[in-house]
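These notes are about the structure you will find just below.
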Amino acid sequence: MSTTVKKSPLNRAALEFKSSTFSVPVLVLSGNVPDVIQEQLEKKIGLAPDFFKNSPVVFDLQALNKQGLPIDVAMLADILRKSKLMPIGIRGGTQSQVEIAASLHIPVYSVHNSFSETGSFHQDKDKTEPQPETQKTTINTLVNHPIRSGQRVYSAGDLTVTAQVSAGSELFAEGSIHVYGSLRGRALAGVQGNANARIFCLDLQAELISIAGNYKISEDLQGHLRNRPVQIYLQENSLIIKDLV
Amino acid sequence: MARIIVVTSGKGGVGKTTTSAAVAMGLAKKGHKTAVIDFDVGLRNLDLIMGCERRVVYDFVNVISGEALLNQALIRDKHCDLLYVLPASQTRDKDALTQEGVGKVLEDLSKDFKYIVCDSPAGIEKGAHLAMYFADDAFVVTNPEVSSVRDSDRMLGILSSKSRRAEQNLESIKEYLVLTRYSPDRVKLGDMLSVDDVQDILSLHLLGVIPESKSVLSASNAGVPVILDEKSDAGQAYEDIVARYLGENRPHRFIEEKKGIFGKLFGGK
């Protein structure tokens with residue numbers, strides 16, 4: 001998200017923080033023998049040397065740690081650099097692995113914040129609802145008309161709809177979604193991984209609801225919470241649907 | 001300037017052409033000079049419903065491609081002097097329509113006519129898109145069943161985002177719901193969505209309900225717009241719709257179940 005700086009003539013903004021998404025290859029390790037890793041890595045890189053040359057890479061140790069196989073993070077970083085890769089992050093590491101990575105200035109990514117599908121959502125954004133690019137102060141989106149079947153709306157912040165949302169439509173928000181009407185379409189909040197995003201609606205009949213990649217489909221939404229005003233949030237990786245009142 | 005009305009639905013077979021013919025005839029009978037255009041290039045039907053199929057010489061595509069003048073292609077209706085039909089071409093396809101060509105024809109018609117009714121083809125492709133693109137008002141024809149309602153909803157989305165009015169940020173198209181083939185007894189049995197069910201999903205201004213009626217089929221086969229059959233329930237329903245569209249306040253009819261003779265005698269309330 002962007003920060004805002006007051007633009008008075010005397011106090012010109014010299015910098016600005018912006019949020020961007022990049023597609024970075026993730027190296028998922030399933031074995032811990034250094035020679036084997038090096039050999040297989042070189043084979044893979046040999047398939048597309050130009051693509052991998054100086055490419056940033058995040059290495060994922062979750063699978064390895066699940067099997068209880070230890071690995072030396074410093075050595076792994078060396079192997080990657082020797083192969084002309086630039087390790088820019090570690091994911092799914094144990095406490096000690098994370099500490100070693102930090103001492104090597106390699107940033108730590110959490111497993112839950114990185115959903116492979118978020119990138120594609122970003123590209124799917126509705127062309128009829130462009131993000132306000134000139135107005136950096138407001139990234140929230142307000143829609144005052146019904147969202148019909150086949151329509152898509154993307155908000156870089158919160159998304160508020162003051163009318164109904166029809167079946168067959170899609171709402172995407174990097175923040176929370178508020179629907180002051182019936183929600184019959186798909187609502188995906190926190191599409192860039194914000195697990196604190198929530199979905200609020202006055203009448204839950206959604207085809208699909210999702211927060212930070214955790215989703216439930218219509219079939220899972222049967223029962224007493226249907227057709228009611230509810231809020232939906234994420235708690236320990238599961239979607240909680242609660243009565244609003 | 002003429003008011004351009006598109007009769008659209010998304011789904012096929014719901015009664016767009018029947019509605020176009022009836023509404024155009026109704027407007028003309030009220031004294032407004034009206035043109036009705038068949039946008040269904042390649043699947044021409046409107047001329048049959050209007051009973052002018054034997055008088056087609058030139059068509060919409062001929063006019064767009066400059067092979068005929070608008071006046072040569074317009075067919076005056078035999079029942080009403082103020083109504084003209086612009087038939088579609090049967091030998092071409094929708095690609096023969098261009099946005100500039102359609103815009104030019106509508107602009108020329110606007111000088112002379114009060115209302116222009118555009119009979120949209122089914123689907124959401126080029127023909128349907130061009131039929132609605134220049135519209136001021138939209139009659140969304142829907143049958144009381146889920147797939148028709150879903151398709152109408154999709155069409156409403158397209159009306160509000162891809163029309164000329166939407167693209168130029170003008171006042172949005174006025175959207176009206178025309179619920180056709182409605183059968184109150186089947187609603188009662190739970191076989192059919194009710195007016196309220198449809199309204200709940202589409203939340204749209206209801207212009208009128210056309211009851212399922214044998215008179216629609218016989219009128220179509222005879223080539224006479226059903227609105228001219230003043231004794232039929234469907235004809236009266238279309239009469240109501242035209243009157244409401246022109247600003248009259250008429251109560252809705254044909255929503256309740258018809259009572260048979262025994263129901264009237266013993267039913268009470």
Side-chain angles (χ1 to χ4, degrees), chain A residues 124-135 141-155 159-172 177-188 201-208 217-219 221-222 226-229, chain B residues 6 8-11 14 120 122-126 128-129 132-133 135 138-177 193-194 196-206:
Chain A
D124 279 345
K125 77 180 88 158
D126 188 1
K127 281 175 196 127
T128 62
E129 298 278 344
Q131 288 175 61
E133 290 197 325
T134 45
Q135 274 178 284
T141 306
L142 172 67
V143 179
N144 282 317
H145 54 76
I147 297 183
R148 301 290 185 182
S149 188
Q151 291 188 310
R152 283 179 154 172
V153 181
Y154 189 99
S155 171
L159 172 62
T160 308
V161 182
T162 60
Q164 63 169 14
V165 175
S166 292
S169 64
E170 294 176 334
L171 307 180
F172 302 100
I177 294 176
H178 309 257
V179 179
Y180 295 95
S182 298
L183 171 56
R184 300 193 178 97
R186 298 170 165 230
L188 296 91
C201 68
L202 291 188
D203 175 14
L204 178 68
Q205 301 178 39
E207 290 172 345
L208 179 145
I217 56 171
S218 177
E219 215 173 55
L221 299 176
Q222 302 302 327
R226 235 180 136 72
N227 299 95
R228 294 187 54 79
Chain B
V6 61
T8 189
S9 69
K11 194 165 163 46
V14 295
S120 171
I124 52 174
E125 280 75 39
K126 194 170 185 187
H129 182 258
M132 68 88 196
Y133 184 77
F139 286 16
V140 179
V141 182
T142 306
N143 286 171
E145 50 97 17
V146 284
S147 60
S148 173
V149 172
R150 168 77 61 92
D151 290 358
S152 293
D153 195 49
R154 177 86 169 100
M155 203 63 222
L156 286 161
I158 293 170
L159 287 169
S160 65
S161 60
K162 302 219 169 107
S163 62
R164 181 186 64 96
R165 283 174 171 268
E167 284 178 4
Q168 297 177 5
N169 269 325
L170 304 170
E171 191 189 337
S172 53
I173 295 178
K174 278 211 182 90
E175 301 155 343
Y176 301 95
L177 176 64
L193 296 178
S194 71
D196 290 339
D197 293 337
V198 178
Q199 281 288 75
D200 187 42
I201 298 171
L202 293 179
S203 56
L204 208 59
H205 179 75
L206 178 69

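So you know, we letter chains A, B, ... as the sequences are listed, proteins then strands, and number each from 1. Since the structure is predicted, the reported quantities are computational estimates derived from the model, not experimental observations.
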Out of curiosity, B/Arg150 CZ to A/Ser166 OG, how far, rounded to the nearest 0.5 Å?
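Reported to 0.5 Å precision, the distance equals 9.0 Å.
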
Verify the neighbour count for atom [atom1] of [X]: are there more than 12 heavy atoms of other residues, nucleotides or ligands below 6.0 Å?
| X | atom1 | result |
| --- | --- | --- |
| B/Lys174 | NZ | no |
| B/Glu171 | CD | no |
| B/Gln168 | CD | yes |

Interface residue of largest heavy-atom contact number with chain A, from B/Ser172, B/Ser203, B/Ser152, B/Ala166, under 4.5 Å:
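Going by pairs under 4.5 Å, I would pick B/Ser203.
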
Which of the residues B/Leu159, B/Asp200, B/Ile124 is involved in the greatest number of heavy-atom pairs with chain A at under 4.5 angstrom?
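Option with the greatest count: B/Asp200.
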
In a check of side chain to side chain contact (heavy atoms under 4.5 Å, CB included) between B/Asp153 and each of A/Pro146, A/Ser169, A/Ser149, which one passes?
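It is A/Ser149; the other options fail the test.
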
Sequence-distant partners of A/Tyr180, ring-ring contact (aromatic ring centres under 6.0 Å, His included), two or more places apart:
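A/Tyr180: no ring-ring contact (aromatic ring centres under 6.0 Å, His included) contacts found.
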
Using the side chain to side chain contact (heavy atoms under 4.5 Å, CB included) criterion, which residues pair with B/Ser160? Sequence neighbours excluded.
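B/Ser160 satisfies side chain to side chain contact (heavy atoms under 4.5 Å, CB included) with A/Gln151, B/Glu175 only.
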
Side chain, backbone, both or neither of B/Asp151 within contact of chain A (heavy atoms, under 4.5 Å):
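Neither the backbone nor the side chain of B/Asp151 comes within 4.5 Å of chain A.
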
Below 4.5 Å from any heavy atom of chain A, which atoms of B/Leu202 appear? Answer side chain, backbone, both or neither.
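Its backbone and side chain both get close to chain A.
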
Check B/Leu204 against A/Arg148 and note the closest heavy-atom contact, atom names and distance.
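Heavy atoms of B/Leu204 and A/Arg148 come nearest at CD1-NH2, 3.9 Å.
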
